[in-house]
Peer 1: 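One structure, pasted below without further comment.
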Number of protein chains: 2
Amino acid sequence: MSANSRLTIAAHALAWIGLYQRQGHEVATSEQIAASANTNPVVIRRLLGELRRAGLVESRRGAGAGWSLARELGSITLLDVYEAVEPGPLFAMHRTTPDQGCVVGHGIQPAMRGIYQDIEETLRHELARVTLEKVLRDVLAAPRQPL
Amino acid sequence: MSANSRLTIAAHALAWIGLYQRQGHEVATSEQIAASANTNPVVIRRLLGELRRAGLVESRRGAGAGWSLARELGSITLLDVYEAVEPGPLFAMHRTTPDQGCVVGHGIQPAMRGIYQDIEETLRHELARVTLEKVLRDVLAAPRQPL
DNA sequence: GGCTGTCGTAACGATAATTGTTACGGCAGA
DNA sequence: TCTGCCGTAACAATTATCGTTACGACAGCC
């Protein structure tokens, strides 16, 4: 599985915005989040754009612009984020259709589709159990660097 | 998630070999399997090579060469295949280390690592519940093409 | 009304993984 | 010795992600 970090970065951004707002600020800028995640602001804006389309965050333009949460961290789950930023299914079928004249080639795709659906359903269930509130709690529970 | 079909093709190959052997044949060739999966024999050989390293199949060289199962279909699970052909973890961390001076940047990786471990453990458990015997059964249960 | 900071998005290159393909040496049975 | 297939290297094509630059649009503020 080509590992992509989209879910990780998106969770990072949401946790950052959530904590920042709890410290009294109204909006967070993509530049601030990018500095924390050590990446480019455009990468953050792209990801947050997808989260906005999913109704998880809001953006404000003009002067004093930036991003804010559209929902409480406790009501956002990793499944919400996953569905917002991950396009395709977990496992793919053959890229060319198998030989339909062969018994296995004919039955393999319906068989695997059913099996994959069950597995992905379980994955979604697990993702839905983790709220961004818990993510932020775990983040803050990380041991501080010893001096 | 960039969808890769490695697990699907590997399961296809195993089911094909298993059925072929039940029909009385000793070994299956990569060319036969490739014809069923509608791909190149080298792709099959590469995948089966990984399954061989995992102890799931055996290969014979020389004349009358080919592939055979090293274990019964009923004792091979999708988890065995998954571990044999999928290299990395399901979700990746940041490709560059986040800002350790930021509270979120410092705590995000340990937090996500723990969460991802739990989720992947559940995924493995689900994959382990499906044997290749069941895959073949589902394959054969697919409705035949109406004439 | 202009200035300024940030979003929104297009465009492009770099990188990496997967897949398909050709090629060729090596092995073992007939 | 001949033949069929494995085992593996090498390379191109395709695709996704990520980083980067650039620039127009927007809205508050002076």
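The sequence lines fix the lettering, A, B, ..., with proteins before strands; numbering per chain opens at 1.
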Peer 1: Restricting to non-hydrogen atoms, name the atom on A:Thr77 and the atom on A:Ala128 that form the minimum distance, rounded to 0.1 Å.
Peer 2: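 Smallest interatomic distance, heavy atoms only, reads CG2-O, 3.4 Å.
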
Peer 1: With no hydrogens and no angle check, is any side-chain donor or acceptor of A:Ser5 less than 3.5 Å from a backbone partner on B:Ala92?
Peer 2: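 The answer is no, because no donor-acceptor pair under 3.5 Å joins these two groups.
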
Peer 1: Do the charged groups of B:Glu126 and B:Arg129 touch, with an N to O distance under 4.0 Å?
Peer 2: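 Yes.
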
Peer 1: Transitively linked via ILVMFWY side-chain contacts under 4.5 Å: A:Val103 with A:Ile108?
Peer 2: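 A:Val103 clusters together with A:Ile108.
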
Peer 1: So does B:Ser5 get a side-chain nitrogen or oxygen closer than 4.0 Å to the phosphate oxygens (OP1/OP2) of C:dT19?
Peer 2: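 Yes, within the criterion.
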
Peer 1: Charged N to carboxylate O below 4.0 Å: is that the case for A:Asp80 and A:Arg71?
Peer 2: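 Yes.
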
Peer 1: Assuming nearest nucleotide by heavy-atom distance, tell me which of A:Ser59 and A:Arg46 is located more 5' along DNA chain C.
Peer 2: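 The residue whose closest nucleotide sits nearer the 5' end is A:Ser59.
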
Peer 1: Without decimals, in angstroms, what is the distance between B:Glu31 CD and C:dG20 P?
Peer 2: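 Those two atoms, CD and P, are 16 Å apart.
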
Peer 1: Pick base, sugar-phosphate or nothing for A:Gly49, based on heavy-atom distances below 4.0 Å to the nucleic acid.
Peer 2: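 Nothing, no heavy atom under 4.0 Å.
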
Peer 1: Rounded to the nearest Å, what distance is computed from the CD atom of residue A:Glu50 to the C1' atom of nucleotide D:dA16?
Peer 2: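 It is 13 Å, rounded to the nearest whole Å.
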
Peer 1: Looking at every non-hydrogen atom in both residues, tell me the closest pair between B:Arg124 and B:Tyr82 and how far apart they are.
Peer 2: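 Closest approach of B:Arg124 to B:Tyr82: NH1-CE2, 4.4 Å.
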
Peer 1: May I have the distance from A:Glu86 (atom CD) to D:dA16 (atom C1'), rounded to whole angstrom?
Peer 2: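 Rounded to the whole Å, the gap is 11 Å.
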
Peer 1: With no hydrogens and no angle check, do the side chains of B:Thr39 and A:His94 hold a donor and an acceptor under 3.5 Å apart?
Peer 2: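 Side chains of B:Thr39 and A:His94: no pair found under 3.5 Å.
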
Peer 1: Between A:Arg53 and A:Ala65, who's closer to the 5' end of DNA chain C by nearest nucleotide?
Peer 2: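 Of the two residues, A:Ala65 wins.
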
Peer 1: Please give me every residue in residues 32-44 of chain A whose heavy atoms get under 4.0 Å of an atom in DNA chain D, ordered by residue number.
Peer 2: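 The answer is A:Thr39, A:Asn40, A:Val42, A:Val43.
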
Peer 1: What is the separation between atom CD1 on A:Ile9 and atom C1' on D:dC18, rounded to the nearest whole Å?
Peer 2: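 That distance rounds to 10 Å.
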
Peer 1: A quick test of your reading: do over 12 heavy atoms of other residues, nucleotides or ligands sit less than 6.0 Å from CD of A:Gln23?
Peer 2: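 Atom CD in A:Gln23 is packed in, count exceeds 12.
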
Peer 1: Indicate the atoms forming the closest heavy-atom contact of B:Thr96 with A:Asn38, along with that distance.
Peer 2: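 Taking B:Thr96 first and A:Asn38 second, the nearest heavy atoms are OG1-O, 2.8 Å.
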
Peer 1: In whole angstrom, give the distance that lies between atom NE2 of B:His94 and atom C1' of D:dG19.
Peer 2: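 These atoms are roughly 15 Å apart.
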
Peer 1: Answer yes or no: side-chain N or O of B:Arg95 and base N or O of D:dG19 forming a donor-acceptor pair under 3.5 Å.
Peer 2: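 Answer no: no donor N or O sits under 3.5 Å from an acceptor.
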
Peer 1: Ignoring hydrogens and angles, tell me if any N or O in the side chain of A:Ser36 forms a donor-acceptor pair with the backbone of A:Gln32 under 3.5 Å.
Peer 2: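 Answer holds: no.
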
Peer 1: So do the side chains of B:Leu51 and B:Trp67 get within less than 4.5 Å of each other, counting heavy atoms only?
Peer 2: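 B:Leu51 does not reach B:Trp67 side chain to side chain.
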
Peer 1: So, is A:Arg52 close to the C:dG8 phosphate, meaning a side-chain N or O under 4.0 Å from OP1 or OP2?
Peer 2: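 Yes, A:Arg52 has a side-chain N/O under 4.0 Å of OP1/OP2 on C:dG8.
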
Peer 1: Any link between A:Val43 and A:Leu48 through a network of hydrophobic side chains (Ile, Leu, Val, Met, Phe, Trp, Tyr) touching at under 4.5 Å?
Peer 2: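 No, because A:Val43 and A:Leu48 fall into different hydrophobic clusters, even though each may have its own neighbours under 4.5 Å.
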
Peer 1: Contacts to DNA chain D from residues 16-26 of chain B, heavy-atom cutoff under 4.0 Å, which residues?
Peer 2: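 Listed by number, there are none.
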
Peer 1: Nearest whole angstrom, please: distance from the C1' of C:dT9 to the CG of A:Leu48.
Peer 2: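 A:Leu48 atom CG is separated from C:dT9 atom C1' by 14 Å.
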
Peer 1: Would you say B:Ser30 places a side-chain N or O within less than 4.0 Å of OP1 or OP2 belonging to D:dC6?
Peer 2: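 The answer is yes; a side-chain N or O of B:Ser30 sits under 4.0 Å from OP1 or OP2.
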
Peer 1: Got a list of protein N/O to nucleotides 28-30 of chain C N/O distances below 3.5 Å?
Peer 2:
{"residue": "C:dA28", "atom": "N3", "partner": "B:Ala63", "partner atom": "N", "Å": "3.1"}

Peer 1: Rounded to the nearest Å, what distance is computed from the CZ atom of residue B:Arg6 to the C1' atom of nucleotide C:dT19?
Peer 2: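 B:Arg6 atom CZ is separated from C:dT19 atom C1' by 10 Å.
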
Peer 1: Please report, rounded to the nearest Å, how far the P atom of C:dG5 is from the CZ atom of A:Arg45.
Peer 2: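 Rounded to the whole Å, the gap is 15 Å.
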
